[in-house]
2 protein chains.
Amino acid sequence: MAASLDTVFSALADPTRREILRMLLEDDMAVTDVAEPFAMSLAAISKHLTILAAAGLITQEKRGRVKWCKLDPDALKAASVWMQGFGQFEPVNLDAFEAFLERELGASSDRNLAD
Amino acid sequence: MAASLDTVFSALADPTRREILRMLLEDDMAVTDVAEPFAMSLAAISKHLTILAAAGLITQEKRGRVKWCKLDPDALKAASVWMQGFGQFEPVNLDAFEAFLERELGASSDRNLAD
DNA sequence: CCCATATTCAACCGTCTGGTTGACGATCCT
DNA sequence: AGGATCGTCAACCAGACGGTTGAATATGGG
């Protein structure tokens, strides 16, 4: 939950973890299924998922034997907002940027995986 | 510099480096001046600056004895764009997003935007 | 109950990271 | 020239990181 920028950015710094996030973009997945395309052990993937969860980038819910992993972009949003602070001195119009996001993303916070 | 997402995100993962970026937001600075507020050696700060430069987040220019450090948010933009990709499962139009960036950021953003 | 499946735990290993210190090459100033 | 200042380099250290393997803990299905 209370993920710091430290944990979020270091979670994103690993390509395996970024690929996992990309996969979860398409659908929620079980740990075993997340691990399948990778050339590394299940235990390694399990660790990566723990790191992603600690960073607030995914949530994990156990149903029966299976632990389902689901994208949770809140921490990503926090990091994104931090990063956008560095656009200030550039000729980008942040108000227009925000308006764009609002127009394109809509009420995103209420509408997670509507699938 | 062709900074990868790996190097950008891991550069951002350190709070000292993020603080350095925040300081450079206000003004360009010499290495010694960057180091001054931190409770660590000059050599450590010098290493941090090297990492930030390798990630494409700052540029360094030596004039006389003094090496000036300057913010260069191109790599930050690339990472930001990557992160925005996780709005995909929300009704965001990525083409429109790209068009927006091109319109707002101008030619300076052509270098590092795509992966 | 037995067995397969799903996932984590524990110990271990090599490498990367963030810090230190001291020596060093440049450069500026008298 | 001599000395102070700017910054990096090299060697070193402790700890974190990313991976492995094997054992352990649930849970589900015949």
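Atoms considered below: every heavy atom in the structure, side chains included; atoms not considered: hydrogens, waters and symmetry mates. Just so it is clear, the structure is predicted and the values come from calculations on it, not from any experiment. Just so we're on the same page: letters track the sequence lines, and every chain starts at 1.
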(message) Less than 4.5 Å apart, side chain to side chain, heavy atoms only: is that true for B:Val66 and B:Thr32?
(response) no

(message) Under a 3.5 Å distance rule, please check whether A:Arg17 uses its side chain to pair with a backbone N or O of A:Leu12 as donor and acceptor.
(response) no

(request) Would you kindly give the CD1-to-P distance between B:Ile51 and C:dC16, to the nearest whole Å? (result) 13 Å

(message) Using whole Å, what does the distance between atom P of nucleotide C:dT17 and atom CE of B:Met40 come to?
(response) 16 Å

(message) Heavy atoms within less than 4.0 Å of DNA chain D: which residues of residues 42-49 of chain B have one? Give them sorted by number.
(response) B:Leu42, B:Ala43, B:Ser46, B:Lys47

(message) Strictly distance-based, threshold 3.5 Å: is any side-chain N or O of B:Ser80 a donor or acceptor partner for the main-chain N or O of B:Leu76?
(response) no

Would you tabulate the nitrogen or oxygen pairs shorter than 3.5 Å linking the protein to nucleotides 27-30 of chain C?
unit_1, atom_1, unit_2, atom_2, d
C:dT27, O3', B:Arg65, N, 3.4

(request) Go through the steps for B:Leu57 and B:Leu24 under the test side-chain contact (heavy atoms from CB on, under 4.5 Å), then give the verdict. (result) CA-CA 10 Å; B:Leu57 292 166; B:Leu24 291 179; over 6 Å; no

(message) Without decimals, in angstroms, what is the distance between A:Glu61 CD and C:dT7 C1'?
(response) 16 Å

(request) Calculate, to the nearest 0.5 Å, the distance between atoms CZ and CZ belonging to B:Arg22 and B:Arg18 respectively. (result) 12.0 Å

(message) My understanding is that only residues two or more places apart in sequence, or in another chain, count here; which of them pass side-chain contact (heavy atoms from CB on, under 4.5 Å) with B:Lys70?
(response) B:Asp28, B:Thr59

(request) Under 3.5 Å for both distances, Watson-Crick or G-U wobble, that's the pair rule; now give the dot-bracket for DNA chain C, with | marking pairs to another strand and [ ] for crossing ones. (result) ||||||||||||||||||||||||.|||||

(request) Could you tell me the separation between the CE atom of A:Met83 and the CE atom of B:Met83, rounded to the nearest 0.5 Å? (result) 5.5 Å

(message) Applying a 4.0 Å non-hydrogen cut-off, can you work out what A:Ser41 is touching in the nucleic acid: base, sugar-phosphate, or nothing?
(response) base

(request) Let me know the distance between NZ of A:Lys67 and C1' of C:dT5, rounded to the nearest Å. (result) 16 Å

(message) Give the residues of residues 14-24 of chain B touching DNA chain D, defined as any heavy atom closer than 4.0 Å, sorted by residue number.
(response) none

(request) Walk along DNA chain D from 5' to 3' and tell me the first and last nucleotide with an atom closer than 4.0 Å to a non-hydrogen atom of chain B. (result) D:dA4 to D:dA11

(request) Find the distance A:Leu52:CG to C:dT7:P and express it as a whole number of Å. (result) 15 Å

